[in-house]
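Worksheet: one structure, shown below.
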Number of protein chains: 2
Amino acid sequence: MGKRRPGTPTLEEVAAHAGVGRGTVSRVVNNEAGVKESTRRVVQQAIAELGYVPNLAARSLAGRRADAVALVMTEPDWRMFAEPFFSEIVTSLGDALTDTGMQLLLTLVRSDPERRRFLEYARGGRVDGVLLMSVHADDPLPDMLAEARLPTVLLGRRSADEHVSYVDADNVGGARSAVAHLLESGRRTIATITGPLDMYVAQCRLRGYREALAQAGLEALPSWVAEGDFTEESGRRAMERLIERHPEIDGVLAASDTTAAGALQALRAAGRRVPEDVAVIGFDDFPLAERTQPRLTTVRQPLEEIGRAMVRLLLEEVEESSVAWRHVILRTELVVRDSA
Amino acid sequence: MGKRRPGTPTLEEVAAHAGVGRGTVSRVVNNEAGVKESTRRVVQQAIAELGYVPNLAARSLAGRRADAVALVMTEPDWRMFAEPFFSEIVTSLGDALTDTGMQLLLTLVRSDPERRRFLEYARGGRVDGVLLMSVHADDPLPDMLAEARLPTVLLGRRSADEHVSYVDADNVGGARSAVAHLLESGRRTIATITGPLDMYVAQCRLRGYREALAQAGLEALPSWVAEGDFTEESGRRAMERLIERHPEIDGVLAASDTTAAGALQALRAAGRRVPEDVAVIGFDDFPLAERTQPRLTTVRQPLEEIGRAMVRLLLEEVEESSVAWRHVILRTELVVRDSA
DNA sequence: CTGAAAGCGCTAACAA
DNA sequence: TTGTTAGCGCTTTCAG
């Protein structure tokens with residue numbers, strides 16, 4: 001059609017109104033240097049009077065960027081939508097993008113049609129880059145985006161040799177220092193409740209756990225390890241199994257603080273005092289743990305930095321339209337809150 | 001610049017490759033009728049071979065729609081991000097949009113710069129319409145969007161004479177029937193924990209509560225009313241206050257089931273049996289209440305229908321670029337689950 | 001410092 | 001049924 005929404009003046013009309021050329025108006029709108037101050041003011045006047053708003057489609061088409069990035073939430077993410085971790089990450093991404101002028105667009109990809117539609121959207125040039133949350137090993141989206149040469153940054157990696165840019169926390173180191181802390185306080189029978197072991201993040205945390213024990217000359221018995229899935233329920237059940245197998249357990253590393261909360265319930269139900277009898281450390285996905293479990297020592301992940309780093313990496317890729325993959329691994333921090 | 005992302009063929013190149021005109025390719029891409037089957041196949045072949053993807057900016061510019069709608073979450077919403085209500089609504093909107101070919105874009109508007117950016121984005125023509133969640137009375141966004149003549153649909157209204165299209169549940173009726181139910185089962189001291197009273201939805205539910213009591217010849221004491229903000233924490237605290245003021249309370253209407261859950265905790269902590277001593281009814285924002293609080297009677301809101309209705313209204317506005325406001329008010333249903 | 005002009009890739013009206 | 005053409009509104013050289 002080419003039907004303009006009525007009441008939407010074009011750059012050209014602004015130019016006419018201000019008595020200047022289109023180029024000049026464009027420069028003013030985009031805050032470019034090299035416009036005489038008086039001219040600039042006249043143009044701004046005209047813009048205000050006409051209520052001019054740039055047409056973003058035209059701007060994109062003329063070659064500039066879309067000025068938007070998408071955060072894709074795939075089906076597995078979606079189940080965790082209600083977790084604080086989620087909103088923390090989104091908040092931090094929003095903050096990180098605040099002064100870049102880019103719109104953050106959250107999109108759901110829960111089914112195959114939705115994946116197709118999103119790909120069309122992204123490849124159609126409506127976003128400059130894509131952020132992906134907690135990708136599972138078998139998620140085809142990262143590779144599809146890479147193939148389409150769209151700047152992409154993952155939160156976490158799918159395997160040791162991830163070939164798409166990513167930001168991750170130092171899960172091995174975090175787990176190691178947590179277990180080291182437990183050892184220092186005299187614990188000797190330290191179990192762990194892992195995340196789903198088909199996720200790289202869970203594998204890493206398990207590795208850190210084993211390394212710390214090995215370093216102390218202790219061998220991690222297979223029966224000290226119980227697999228969970230990050231949920232509270234799984235933490236509860238795993239802890240019950242562990243207590244049954246090893247009543248002497250005096251320390252636990254949990255895959256997340258949600259899992260840790262489940263473990264605590266099971267421990268208390270079994271009559272254990274925490275942290276006196278058994279010390280529990282969880283990976284702290286969000287700074288709220290302080291309030292919900294004030295005495296729980298946690299491995300804190302720097303969520304804000306994660307968001308910032310993801311945005312930085314993405315913008316670098318966008319800027320340079322580069323093909324180089326890059327990654328950032330952020331340090332975790334052991335926050336000691338119990339004294340036992 | 002006009003720098004094309006390398007490896008992104010244009011419609012024109014497809015046309016050349018297929019040996020047809022650009023118009024024909026356009027028709028094929030948009031699945032329009034009036035193309036000979038053989039020609040269509042040749043073009044599709046070419047599209048596949050070249051890996052052609054339409055440039056959405058160009059398509060938008062040439063007059064067609066953006067094929068995307070935004071769901072805006074403002075700051076107050078954001079606190080409720082983790083609430084199941086939220087993900088239920090988003091899910092239902094996503095479902096409702098599934099076969100319309102429109103992308104659903106969730107956007108955060110937490111600050112003034114973000115509001116400005118979003119407005120620029122929306123007015124810039126990158127979305128065809130805007131959906132707004134739980135708008136507060138003083139939210140300027142709906143009017144700004146209306147002024148920009150952007151199709152907009154609110155979930156809930158800001159006041160009795162909302163002048164922007166909206167979809168709402170029958171909150172007055174829902175509250176009334178809930179309280180009537182409590183009265184029928186012999187309760188006489190019925191308190192309520194409201195939502196934020198600057199939200200019309202909370203006012204309506206409070207009104208329904210009062211009307212039901214009045215109809216039974218009871219007067220709602222002001223001290224029977226405690227304001228909350230839909231969160232569990234606020235429900236807990238409000239309930240504590242209520243118990244202190246009126247130990248004889250035997251019924252409670254909570255603003256949401258999350259609030260109800262908080263109230264339950266406070267009641268149990270105070271040694272009350274539920275529902276034997278005190279019956280609690282919450283507005284059921286999501287069908288999961290059944291599982292989490294199996295014995296809780298609730299006022300159920302038809303979330304799926306809400307999503308469908310919002311999408312329908314929005315698409316109607318988009319289609320007709322109409323100026324007429326429209327609204328839908330959906331019935332609620334009292335789901336009785338406790339026998340006490 | 002500013003104006004004019006050439007596209008960006010697509011749709012839609014109009015011819016053929 | 002198909003090809004051709006004229007924009008959509010903006011950015012960006014390139015002259016002036």
Side-chain angles (χ1 to χ4, degrees), chain A residues 1-44 46-47 50-67 120-121 123-126, chain B residues 1-44 46-47 50-67 120-121 123-126:
Chain A
M1 302 174 207
K3 280 270 183 41
R4 249 171 49 215
R5 270 209 330 283
T8 306
T10 70
L11 188 151
E12 177 142 26
E13 287 164 347
V14 173
H17 191 88
V20 301
R22 284 154 45 182
T24 306
V25 177
S26 177
R27 281 169 210 127
V28 171
V29 169
N30 294 301
N31 255 313
E32 277 169 36
V35 180
K36 197 162 52 174
E37 194 48 37
S38 60
T39 313
R40 183 182 297 274
R41 212 172 319 265
V42 171
V43 172
Q44 280 166 338
I47 288 174
L50 270 51
Y52 168 73
V53 178
N55 177 317
L56 266 33
R59 178 176 286 176
S60 286
L61 183 55
R64 268 202 30 181
R65 318 184 310 196
D67 286 323
E120 188 176 321
Y121 191 81
R123 298 192 55 181
R126 308 207 72 134
Chain B
M1 304 178 207
K3 280 270 184 40
R4 249 171 50 214
R5 270 210 331 283
T8 307
T10 70
L11 188 151
E12 176 142 30
E13 288 165 347
V14 174
H17 192 88
V20 301
R22 286 160 36 188
T24 306
V25 178
S26 178
R27 280 170 210 127
V28 172
V29 169
N30 294 301
N31 254 315
E32 278 167 36
V35 180
K36 196 163 52 174
E37 194 48 36
S38 60
T39 314
R40 185 183 295 276
R41 211 174 316 269
V42 171
V43 172
Q44 280 167 336
I47 288 175
L50 268 52
Y52 168 74
V53 179
N55 177 319
L56 265 33
R59 178 178 287 176
S60 287
L61 184 56
R64 266 200 32 179
R65 318 185 311 195
D67 286 322
E120 188 176 319
Y121 190 82
R123 298 191 55 182
R126 308 208 70 137

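Just so it is clear, the values below take in all heavy atoms, side chains as well, and ignore hydrogens, waters and symmetry mates.
Of all nucleotides listed (C/dT2, C/dT11, D/dT11), C/dT11 comes nearest to the side chain of B/R22. For B/V20, counting side-chain heavy atoms from C-beta on, the closest listed nucleotide (D/dT12, C/dC8, D/dG3) is D/dG3. Of the candidate nucleotides C/dG3, D/dC10, C/dC1, C/dG3 has the atom nearest to the side chain of A/T24. Side-chain atoms of A/P54 lie closest to D/dC10 of the nucleotides D/dG7, C/dC1, D/dC10. Out of C/dT11, D/dC10, C/dT2, the shortest distance to the side chain of B/S26 is found at C/dT11. Comparing D/dG7, D/dC10, C/dA12 by their nearest atom to the side chain of A/N55 picks out D/dC10. Of the listed nucleotides (D/dT11, C/dC10, C/dT2), D/dT11 has the atom at the smallest distance from the side chain of A/N30.
If B/A57 and A/G19 are placed on DNA chain C by their nearest nucleotide, the residue sitting closer to the 5' end is A/G19.
The interatomic distance linking A/R27 (CZ) with D/dT11 (P) rounds to 11 Å, in whole Å. In this structure, the CD atom of B/E12 is 12 Å from the C1' atom of C/dC8, given to the nearest Å. In this structure, CG of A/L56 is placed 17 Å from C1' of C/dC10, rounded to the nearest angstrom. Taking atom CG on B/L61 and atom P on D/dC10, their separation rounds to 9 Å, with Å as the unit. Atom-to-atom, CZ of B/R59 to P of C/dA12 comes out at 10 Å; the value is rounded to the nearest Å. Atom C1' of nucleotide C/dC1 and atom NZ of A/K36 are separated by 7 Å, given to the nearest angstrom. Distance B/E13 CD to C/dC8 P: 10 Å, rounded to the nearest Å. Separating the CG atom of A/L11 from the P atom of C/dG7 is a distance of 19 Å, rounded to the nearest angstrom.
Distance check: A/E13 CD to A/T8 OG1 gives 9.5 Å after rounding to the nearest 0.5 Å. We find the CZ-OG1 distance between A/R40 and A/T24 to be 10.5 Å, quoted to the nearest 0.5 Å. Rounded to the nearest 0.5 Å, atoms CD1 (A/I47) and NE2 (A/H17) are 11.0 Å apart.
Counting heavy atoms from C-beta on, the side chains of A/V20 and A/V25 come closer than 4.5 Å.
The number of heavy-atom neighbours closer than 6.0 Å to CD of A/E12, taken from other residues, nucleotides and ligands shown, is 12 or below.
Of the side-chain N and O atoms in B/T39, one or more sit less than 4.0 angstrom from OP1 or OP2 of D/dT2.
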